[in-house]
Amino acid sequence: MTLQAIRYERGSLEILDQLLLPDTSQYIPIVSTEDGWQAIKKMQVRGAPAIAIVGCLSLAVELEEKKFDSVRDLQAFVEERLNYLVTARPTAVNMADAAARFISFTKTLAAQDSLSQQDLSLKLIEEFESMLEKDICTNKKIGQYGGEDIVARSTTSKVCILTHCNTGSLATAGYGTALGVIRYLHEKSKLDQVFCTETRPYNQGSRLTAYELVYEKMNATLICDSMAAILMKQKNISAVVVGADRVVANGDTANKVGTYQLAIVAKHHKVPFYVACPLTTYDGTKETGEEIVIEERPATEMTTVKGVQVAAEGIQCWNPAFDVTPASLITGGIITEYGVFPPGKLRQGVEQYL
Ligand code: MRU
């Protein structure tokens with residue numbers, strides 16, 4: 001049993017408040033899309049796949065309660081709410097991908113004269129619910145493809161992995177993406193050690209990934225973000241594996257700020273650098289990473305820790321939440337549920353599945 005960030009049964013949604021971890025495990029109820037939007041914005045739930053799942057399930061619980069006069073009213077409501085949920089965080093594409101898919105799904109169903117608003121509502125709720133199981137299934141495939149590729153390329157029988165941010169059960173419906181690869185290696189007794197970065201300023205690594213790794217009893221070690229270069233010089237790191245918030249057509253990848261510098265250091269030390277993500281993170285509408293909007297977050301994430309000021313009062317801050325790693329630095333490949341692709345071959349490789 002892995003940690004559960006999202007608890008759902010029809011009509012009821014609760015999320016583990018990730019602002020309180022690791023000290024306190026507290027689930028909070030989400031009863032509407034407004035609650036969902038707020039929880040995503042405040043990062044009570046975070047991680048690209050989890051954002052989309054919680055966003056859509058918040059609409060599922062709202063639809064369970066709400067009555068509509070006509071199919072058209074329901075369709076307009078669903079479209080407006082999905083587009084609203086997309087605005088909570090701009091960089092991760094999964095919520096935008098889900099919104100586009102479900103808006104089109106609703107439109108197709110609404111065009112069928114025989115369908116009542118109750119039928120349409122139920123079909124939508126069922127589709128949203130299916131995201132939970134699909135995500136875990138996808139992550140397990142990512143874990144296996146990535147794990148096998150890393151082992152095949154390694155010169156040692158057990159591997160040492162460095163990861164960044166949190167891509168585990170807390171960032172997905174379960175199992176995880178990059179952390180799913182690590183989990184797979186652990187399950188197959190192929191993992192020697194995993195290193196995780198703190199991931200400043202929000203500490204997803206030290207608060208969340210470290211929590212998951214300890215919970216799973218893996219041989220895990222925390223480093224500060226600034227220790228990555230010495231780690232790759234002195235320890236025998238087999239691969240760096242990170243998640244993604246948006247991968248564009250040429251393979252450029254937006255992920256948690258600090259990913260880009262890890263990829264540069266990995267290339268210098270000839271350590272394969274992998275990105276692990278589901279195809280819902282692929283954005284074929286953008287050609288290069290230049291087109292990705294990078295979210296900037298409040299200065300207080302940098303200047304305070306648990307509400308205590310740790311930076312000099314009056315200092316200016318710049319807090320981009322993500323950076324873009326150029327495809328040329330993704331030397332290991334992009335691990336998806338359909339296999340591992342060199343970034344330049346991703347578009348061609350996944351087109352048939354989109
Ligand atoms: O700001 P966050 O915590 O939402 O950022 C999360 C990341 O950057 C993850 O690496 C990414 O969303 C993939 S999660 C499977």
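Atoms within each ligand, like the ligands themselves, are counted from 1 in listed order. Numbers for residues simply follow the sequence, beginning at 1.
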Item checked: In one Ile/Leu/Val/Met/Phe/Trp/Tyr side-chain cluster, 4.5 Å: Val159, Leu231 -> no

Notebook entry, point to check: When you measure from the centre of the six-membered ring of Phe341, is the NZ or CZ of Arg347 under 6.0 Å away and within 45° of the axis?
Noted result: no

Check: With backbone taken as N, CA, C and O and side chain as the heavy atoms from C-beta onward, which portion of Tyr202 lies under 4.0 Å from ligand 1: side chain, backbone, both, or neither?
Finding: neither

Notebook entry, point to check: What do you reckon, is CG of Leu115 surrounded by more than 12 foreign heavy atoms closer than 6.0 Å?
Noted result: yes

Item checked: Atoms of ligand 1 close to Asn255 [distance to a heavy atom under 4.0 angstrom, numbered from 1] -> 7 (C), 8 (O), 9 (C), 10 (O), 11 (C)

Checklist line | Student check: side-chain heavy atoms of Leu82 and Arg101 closer than 4.5 Å | finding: no

Notebook entry, point to check: Are any of the N or O atoms of Arg46 closer than 3.5 Å to those of ligand 1?
Noted result: yes

Check: Looking at Gly47, which atoms of ligand 1 are within less than 4.0 Å of one of its heavy atoms?
Finding: 4 (O), 12 (O), 14 (S)

Checklist line | Numbering as shown, the atoms of ligand 1 that approach Gln204 to under 4.0 Å (heavy-atom distance) | finding: 1 (O), 2 (P), 3 (O)

Check: Should Met43 be listed as contacting ligand 1, given a heavy-atom distance under 4.0 Å as the test?
Finding: yes

Check: Near Arg89, which atoms of ligand 1 are under 4.0 Å from a heavy atom of that residue?
Finding: 1 (O), 2 (P), 4 (O)

Checklist line | Asn319 and Glu296 side chains, donor-acceptor separation under 3.5 Å | finding: no

Notebook entry, point to check: Who's the nearest protein heavy-atom neighbour of atom 5 (O) of ligand 1, and how far?
Noted result: Lys256 CE, 3.3 Å

Margin query: Return the closest protein heavy atom for atom 13 (C) of ligand 1 as residue, atom name and distance.
Written below: Ala244 O, 3.4 Å

Note to self: Given the ring of Phe195, does Lys235 sit roughly above its face, with NZ or CZ under 6.0 Å from the centre of the six-membered ring and within 45° of the axis?
What the structure shows: no

Check: Nearest protein heavy-atom contact for atom 7 (C) of ligand 1: which residue, which atom, what distance?
Finding: Asp245 OD1, 3.2 Å

Next item on the list: Could you tell me the residue and atom name of the protein heavy atom closest to atom 15 (C) of ligand 1, and the distance to it rounded to 0.1 Å?
Entry: Thr177 OG1, 3.2 Å

Notebook entry, point to check: Relative to the ring of Phe128, is the ring of Phe102 parallel (under 30°), tilted (30 to 60°) or perpendicular (over 60°)?
Noted result: perpendicular

Margin query: Which of the numbered atoms in ligand 1 are under 4.0 angstrom from any heavy atom belonging to Cys165?
Written below: 5 (O), 6 (C), 7 (C), 8 (O)

Next item on the list: Give the numbers and elements of all ligand 1 atoms closer than 4.0 Å to a heavy atom of Ala48.
Entry: 12 (O), 14 (S)

Next item on the list: Return yes if some donor-acceptor pair links the side-chain N/O of Ser238 with the main-chain N/O of Cys160 below 3.5 Å, else return no.
Entry: yes

Check: With atoms numbered from 1 as shown, which atoms in ligand 1 lie under 4.0 angstrom from a non-hydrogen atom of Pro49?
Finding: 14 (S), 15 (C)

Checklist line | Arg46 and Gln204: side chain donor to acceptor below 3.5 Å | finding: no

